[in-house]
Amino acid sequence: MMERVLIFNPDGDREPSKRKLVFGNSTNIMELNNIKYQWAYDLYKTMGFTNFWIPEEIPMHEDRKQYEKELSPYERRAYELVLSFLIALDSYQVSMLKEFARYISAPELVMAITSQEFQEALHSYSYQFILESVVDPVKADEIYNYWRQDERLLERNKVVAQVYNDFIKNPTEENFIKAVFGNYVLESLYFYSGFAFFYTLGRQGKMRNTVQQIRYINRDELTHVSLFRNIILTLKEEAPELFTPEIEKWIYEFFKLATYQEIEWGKYVTQNQILGINDHLIDRYIKYLSNLRLTQIGYKPLFPEVTENPMKWIDTFRSINDTKTDFFQAKPQTYAKRTELKW
């Protein structure tokens, strides 16, 4: 069993050179004049101060009109299902990041995880703001509870949460590393067919303010991907014993399962009936992202036949430009100071 970090450990080490991500002996005092993991401290400041945004700053009344009058039945269904799944994902993160922080022995990393937790809660609030602005209260309540009626969504929610629940119930080293990879996959893969759907609508001039909300959420998620990517790479250096042959095999199997589940979910959501996105594009796009996320943490791609992003326009569409004006030129975004994270 892994031991939780004490709130205060008077016998802990002060020296940054002795600090570790896990299994360290920190005093747990946040002595910020002594930083070992500068990347964690930088990400804390980026998430906490630079990438700050306010959902209410984005007016939603035009989206309500389009939702009611211009979206096809397939587009409305996809819009609702995607939001329902995103709500679940960010809900998991708000809860699970607390669990990670209890086992992290580097204070600057705890600060970064705390900033991520705040952003995940902000995303949950953003979804609620979208729903109250676009649909009536009865429909909003239905969307929150789609998982109770939609078996595909229920199964999706269960599978995504399983590695987290396994660690909470049994906090072993093996379950910890699986939960870390579960977080990385959730942030770097599970969001993306849903994001692609919204960007496809926005490219057609539909639901543009919902898309603006998604773009800020997407930018936040990229910092979260970077945070857990760095955690994985650092754990490989500091605790290589965690990466047993069994775990290495599990990582590929987990990525393969996650990739195919995200593809099937994307197809189920869009029903091959959304202009600008189809089953083939979803398949290639998610496999491309899976390869990218694996190679970014030092693993070989699962799908070597997919070498290019089939939806390159998404990268340009989601970026937030340096002039602090939103993509649709609706109003200045004075709180948006950065474009998107680059690795």
Side-chain angles (χ1 to χ4, degrees), residues 5 16-17 19-22 24 26 28-54 89-90 92-126 164 176-177 179-192 195 214-239 289 292-298 315 318-320 322 333 335-343:
V5 173
S17 61
R19 192 169 296 172
K20 295 181 179 180
L21 256 64
V22 293
S26 170
N28 213 28
I29 299 295
M30 295 193 179
E31 299 183 53
L32 300 182
N33 58 322
N34 291 317
I35 297 293
K36 179 177 181 180
Y37 305 105
Q38 189 63 44
W39 52 266
Y41 191 49
D42 290 344
L43 282 167
Y44 158 73
K45 291 188 288 185
T46 297
M47 289 187 283
F49 310 124
T50 302
N51 284 5
F52 178 73
W53 58 286
I54 302 170
L89 293 181
D90 279 304
Y92 298 162
Q93 295 299 75
V94 171
S95 296
M96 188 60 199
L97 288 164
K98 294 181 179 69
E99 298 296 326
F100 283 123
R102 292 183 176 109
Y103 295 88
I104 297 296
S105 53
E108 60 266 40
L109 183 54
V110 173
M111 291 175 69
I113 288 175
T114 301
S115 282
Q116 181 182 344
E117 182 185 343
F118 169 80
Q119 287 190 329
E120 305 293 9
L122 177 61
H123 300 170
S124 296
Y125 175 66
S126 178
Y164 285 175
F176 172 76
I177 200 67
V180 168
F181 274 90
N183 183 292
Y184 181 69
V185 167
L186 186 155
E187 295 285 358
S188 68
L189 203 62
Y190 284 149
F191 284 110
Y192 281 84
F195 288 166
I214 294 298
R215 287 171 60 239
Y216 283 113
I217 292 170
N218 196 168
R219 182 186 62 178
D220 290 348
E221 303 301 356
L222 285 168
T223 54
H224 306 167
V225 173
S226 184
L227 176 60
F228 271 80
R229 171 180 177 260
N230 278 286
I231 288 173
I232 290 169
L233 293 175
T234 304
L235 285 173
K236 281 185 170 185
E237 294 178 3
E238 293 184 351
L289 284 175
L292 177 65
R293 303 314 187 195
L294 277 167
T295 57
Q296 286 173 335
I297 53 173
D315 291 333
R318 74 183 177 199
S319 65
I320 301 167
D322 292 326
Q333 300 296 340
Y335 49 84
K337 299 179 182 177
R338 237 194 234 155
T339 55
E340 67 177 89
L341 189 69
K342 302 293 185 183
W343 300 323

Closer than 3.5 angstrom, by distance alone: can the side chain of Tyr37 be matched with the main-chain N or O of Arg19 as a donor-acceptor pair? yes
Whether the side chain of Thr234 engages the backbone of Ile231 through a donor-acceptor N/O pair (distance < 3.5 Å, no angle test) should be reported. no
Between Phe176 and Val22 the two heavy atoms that sit nearest each other are CZ-CG1, 3.7 Å
Hey, are the side chains of Leu89 and Glu221 touching, using non-hydrogen atoms and a 4.5 Å cut-off? no
Nearest 0.5 angstrom please: Trp53 CH2 to Arg219 CZ, how far? 9.0 Å
Smallest heavy-atom separation, Lys236 atom then Ile297 atom, equals NZ-O, 2.6 Å
Donor-acceptor under 3.5 Å (Ser105 side chain, Lys20 main chain): yes
Taking the side chain from Gln119 and the backbone from Met47, do they hold a donor-acceptor pair closer than 3.5 Å? yes
Where do Asn34 and Pro16 come nearest, in terms of heavy atoms and distance? CB-CG, 3.4 Å
Minimum heavy-atom separation for Ala112 to Ala40, with atom names? CB-O, 3.5 Å
Roughly how far apart are Thr223 OG1 and Asn218 CG, rounded to 0.5 Å? 10.0 Å
After noting the C-alpha distance and the side-chain angles of Leu227 and Ile113, does the key distance pass the side-chain contact (heavy atoms from CB on, under 4.5 Å) rule? CA-CA 8 Å; Leu227 176 60; Ile113 288 175; 4.2 Å; yes
Kindly state whether the ring of Tyr44 and the ring of Phe49 have centres lying under 6.0 angstrom apart. yes
So, taking the atom named CD1 in Ile217 and the one named NE2 in His224, what distance separates them when rounded to the nearest 0.5 Å? 10.5 Å
Minimal non-hydrogen separation, Ala179 against Met96, with atom names: CB-CE, 4.1 Å
Got a donor-acceptor contact below 3.5 angstrom from the Glu108 side chain to the Lys36 backbone? yes
Minimum heavy-atom distance Ile232-Val180, with the two atoms named: CG1-CG1, 3.7 Å
How many angstroms lie between atom OG of Ser188 and atom CZ of Phe181, to the nearest 0.5 angstrom? 10.5 Å
For the pair Ser126 (side chain) and Leu122 (backbone), establish whether a donor and an acceptor sit closer than 3.5 Å, ignoring hydrogens and angles. no
As an exercise, state the distance from CZ of Phe228 to CG of Leu43, rounded to the nearest 0.5 Å. 11.0 Å
Centroid-to-centroid, Tyr190 to Tyr92, below 6.0 Å? no
Arg293 backbone acceptor or donor facing Tyr184 side chain under 3.5 Å: yes
Distance in Å, Phe191 CZ paired with Leu186 CG, rounded so as to fall on 0.5 Å steps: 5.0 Å
Tested for side-chain hydrogen bond (donor to acceptor under 3.5 Å, both in side chains) against Gln93, the lone hit among Glu187, Glu117, Lys98 is Glu187
Indicate yes or no for a side-chain donor-acceptor contact from Glu238 to the backbone of Leu21 under 3.5 Å, with no hydrogens or angles considered. yes
If we ignore hydrogens and angles and just use 3.5 Å, is the side chain of Asn230 paired with the main-chain N or O of Ser226 as donor and acceptor? yes
